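Notes for the one structure printed next.
Residue numbers begin at 1 in each chain, while the letters A, B, ... track the order of the sequences. As the structure is a prediction and not an experimental result, all values here were calculated from the model.
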Amino acid sequence: MSFLAPGMFWLLSFAALVIFLYFLRRRAPLQTVSALFLWRASTERPRSALSLLWAKIGLLLIQLLVLALIVTGLANPALTSVAFGGGVIAVIIDGSASMQTRYDHHTRYSEALAQAEDYLRRTRPAQLTIIQAQAHNRLLVPMTSDITLALQRLRESRPTLQGDASARDLIEILRHQSGPQPDLREYREIAFFTDQMPSDAVWGNLPVRVIALGKPVQNVAVRGFALRRQPNRDLGYSVWTEIVNYSEADAPIQLEIRGDDEPLHTVTLALKSKEARVYAFDLESTERTRFVAKATLLNGSDAFPYDNERYFALGPRTVLHVLWIGDENTFLERALLANARVRIAYKKSSQGLTPDDLSAVDLVVANNTNMPLVSSAQILMFNSSISGLFEIHGREPAQALRVLQSDHALLRLIETSHIRLTHVRQATVAKPGAILWASGAQPALYALETPEIKLIAFAFSLQESNLVLTVDFPILIRNSLTWLLPHLEPPTPKEVGQALPLAGLGERFEVRDPKGQPIAMARAPGREGLLQTEEPGFYRVRVGESARDWAVNLAPGESEPGTQALREPAVGSSAPARAPAQLPFPLWRFLLLAALLGLIWELFVYDRSLFQPIGGKPV
Amino acid sequence: MNSLWLDEDFLKKLANLKFITRRHFYGHLGGWSSPRAGVSLEFAEYREYHPGDDFRYVDWNLYGRLDKLFVKVFAREEDIPIYLLLDTSHSMSLGQPSKLEYAARLAAALSYLGIKDLNRVGIFPFARNLATGVPPRGGNAQLFAIFNFLRAATPGGETSLNGALESFAQLRLESGLAILISDMLSEAGYAEGLSQLLYKGYEVAVLQVLAVDDWDPEILGEARLQDAELTGQSPLQVSRSAARLYQQEVRRYVGALREFCQSHRVEHALVSTARPLEQVIFQELRGVLFR
């Protein structure tokens with residue numbers, strides 16, 4: 001049975017009023033009579049006021065029953081599942097990591113399986129499908145009428161360590177399962193067994209019933225972990241960790257930082273219940289690349305241990321070879337040095353520039369010069385031309401900079417209003433590129449990306465701008481280096497279930513999982529170049545002699561099992577549980593009729609004499 | 001309401017009424033014929049002369065014919081002492097108008113009737129015991145005294161009919177007409193008190209004044225009942241259906257009182273406060289107390 005208007009249940013609070021009125025009414029009015037002794041034959045035995053209050057408690061129970069019937073009737077219930085078999089049912093089992101939370105003798109996932117099994121036995125659907133919901137959803141049972149087989153598949157399923165599913169993906173699977181002509185209205189009910197709703201839970205009018213799982217457990221987690229090499233020191237790291245105690249009780253926690261499997265730092269923290277604490281410190285450099293932050297609960301066992309470790313990988317420290325063509329600029333040079341280890345080779349002009357010169361460097365910087373068209377390079381230009389791609393001509397007074405693509409990676413964290421220009425160059429740009437800044441009709445910042453060339457061109461002189469004096473300049477240079485040379489960036493941390501990008505590595509590479517075992521790459525159509533991660537830890541990708549590590553962690557949302565259960569859906573979404581659009585048996589009429597009968601019954605119990613004649617006057 | 005507390009037209013009508021008594025009473029000179037020989041102008045009978053009789057009353061014509069001395073005997077006119085026993089207990093405060101107010105007006109009318117016929121009328125209020133009222137006297141001044149007393153009468157106390165009537169019987173009063181005005185609702189009963197009055201030679205009449213609520217109580221739903229006179233007692237819990245049983249009980253009680261009165265030659269009349277006083281006096285009490 002489901003309710004179309006469950007919000008009406010707040011009316012049950014009127015029970016307090018009913019109880020109050022009952023006790024108020026039970027205080028029968030006091031009447032004075034001439035001769036009480038003449039009443040004694042017809043009265044009840046004298047009782048205390050308190051006993052009178054409780055004498056007809058059944059009356060109160062009837063009144064409360066009537067209230068419950070009315071409120072339930074207003075909630076518009078409909079029998080959709082239990083009493084009537086048939087129809088199409090979809091069962092979604094949350095298979096995300098939090099479902100591996102351990103209780104005394106079982107896990108949250110096993111509890112979900114038991115409830116789902118019971119649900120299917122009660123609903124007796126004509127057809128059903130079962131989906132395991134996580135970051136990468138899995139169709140456990142395609143649409144079938146064989147409940148026995150479905151139950152067997154359900155029992156054989158295992159939870160994953162992935163993050164939560166996307167409601168949009170689930171709806172897509174449901175749509176494909178609903179038949180040759182996808183129509184979600186065919187589902188009588190979609191039962192979702194979960195401890196946490198998807199963040200994008202917009203179900204529309206789907207008949208989704210959410211069966212909430214989970215209860216608070218003892219759990220601590222490393223929710224965040226990151227390292228950064230100190231830019232101004234050749235050695236050393238800044239370490240940032242966030243530890244959370246999700247338990248109901250305070251917890252002493254030992255936090256250990258390891259680098260390449262060697263302990264680097266250990267500290268004991270006392271966290272209160274529900275406390276999240278950031279612990280940051282500087283670490284002496286030992287030139288390591290694989291770091292682990294591990295939290296250990298010192299006063300008990302952790303019900304969800306998978307989030308006790310968090311991983312972070314730093315790329316190997318590399319030297320950036322730069323070919324500088326044109327005028328030198330100290331500010332630009334310092335900005336490059338602040339962001340990477342750089343070796344610069346200076347060249348006054350591009351005359352005599354050979355392809356070998358370009359192939360030997362990672363980056364070309366051009367300042368106040370002209371360059372010929374090159375076949376391949378990563379180029380950062382200031383007040384310079386490159387034939388056929390970006391050519392500058394005369395000067396004209398500059399106007400305020402206009403941002404044309406604010407979401408471009410180059411402009412991340414840049415406040416353009418800080419930047420002033422006195423003059424800007426008239427420029428001709430190649431069509432495929434993107435103009436990011438403009439001064440009047442002139443492009444001021446231009447970015448071009450082709451398979452062979454990556455180009456960033458500033459169409460003004462650094463001497464005719466305050467750019468180098470702003471705080472945005474080193475950030476802009478860092479953004480430029482990241483965009484031009486993405487392989488220099490440390491590997492982006494991944495969450496379990498996300499794919500590792502392996503494109504461009506050729507045919508001879510090897511991937512090892514966190515346990516060090518090589519992974520056999522399946523060449524699924526359309527999935528080439530991607531490897532889906534299944535567990536947290538370091539995935540190592542080796543190509544020839546070079547190796548690169550990817551840190552894969554649990555999704556942070558999984559660390560809060562039981563307490564974040566069924567949080568409010570996103571704005572504009574429907575309520576978690578909705579009744580199907582077509583109701584086989586609306587029940588409100590029966591309930592209101594029962595309430596009316598209850599009222600009559602209450603009246604009868606209250607005063608039976610209403611149905612008996614008083615009789616004539618005696619005198 | 002005038003100074004006599006009763007409407008003048010009503011008083012004029014009352015002038016046509018006269019108390020009925022079954023017996024002759026020996027009182028002071030008054031307006032009622034007495035079995036005792038007296039000095040009135042009304043001839044009663046002859047009797048033989050005895051030495052010492054007043055020669056002025058010898059019928060000499062009869063002596064001439066019969067040669068025997070007979071004296072003429074004249075009837076003696078005496079008054080009747082009327083004692084109005086008024087119940088002022090707390091139960092008389094109930095009703096609309098209250099039973100006490102109604103009973104007081106009834107007592108006022110009876111007093112006027114009594115004094116009009118040159119009788120002595122006294123008021124004896126009572127509740128648990130006999131209280132100080134207005135001693136029996138005649139004359140218009142007595143009427144005003146009675147009216148003033150009745151107007152100031154207030155209810156209070158618990159009813160004890162037996163106790164009050166026995167106290168009254170023990171007063172050394174001339175026997176006369178004792179009119180008991182009360183709701184007669186007393187758990188201890190009334191028989192002993194009434195018997196005492198009869199034993200002392202009073203002619204007794206009971207005017208039982210009941211309010212509408214006394215026989216048709218309006219109990220809506222459940223109620224807690226409290227005796228008007230026994231405020232210290234715990235209330236009784238009754239339901240609406242109990243009213244029917246109560247009516248039967250009242251009927252039985254009134255019937256027992258009527259039966260007692262009939263068997264002891266006591267006049268009994270049931271008076272409802274819902275009926276106009278004039279109607280009660282001229283219709284219901286005519287032939288019982290008046291002619």
[atom1]/[X] to [atom2]/[Y] distance, rounded to the nearest 0.5 angstrom?
X        : Y        : atom1 : atom2 : answer
B:Lys99  : A:Ser34  : NZ    : OG    : 3.0 Å
A:Phe37  : B:Leu185 : CZ    : CG    : 5.5 Å
B:Leu225 : A:Leu38  : CG    : CG    : 11.5 Å

Ignoring hydrogens and angles, write down the donor-acceptor pairs under 3.5 Å from the side chains of residues 255-263 of chain B, residues two or more places apart or on other chains.
| residue | atom | partner | partner atom | Å |
| --- | --- | --- | --- | --- |
| B:Ser263 | OG | B:Glu259 | O | 3.2 |
| B:Ser263 | OG | B:Phe260 | O | 2.8 |

### Query
In chain order, what residues pass the salt bridge (charged side-chain N to carboxylate O under 4.0 Å, His left out) check against A:Glu117, with sequence neighbours excluded?
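Salt bridge (charged side-chain N to carboxylate O under 4.0 Å, His left out) list for A:Glu117, sorted by chain: A:Arg121, A:Arg155.
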Chain A contact via [X] - side chain, backbone, both or neither, heavy atoms under 4.5 Å:
X        : value
B:Asp214 : side chain
B:Leu94  : side chain
B:Ser186 : backbone

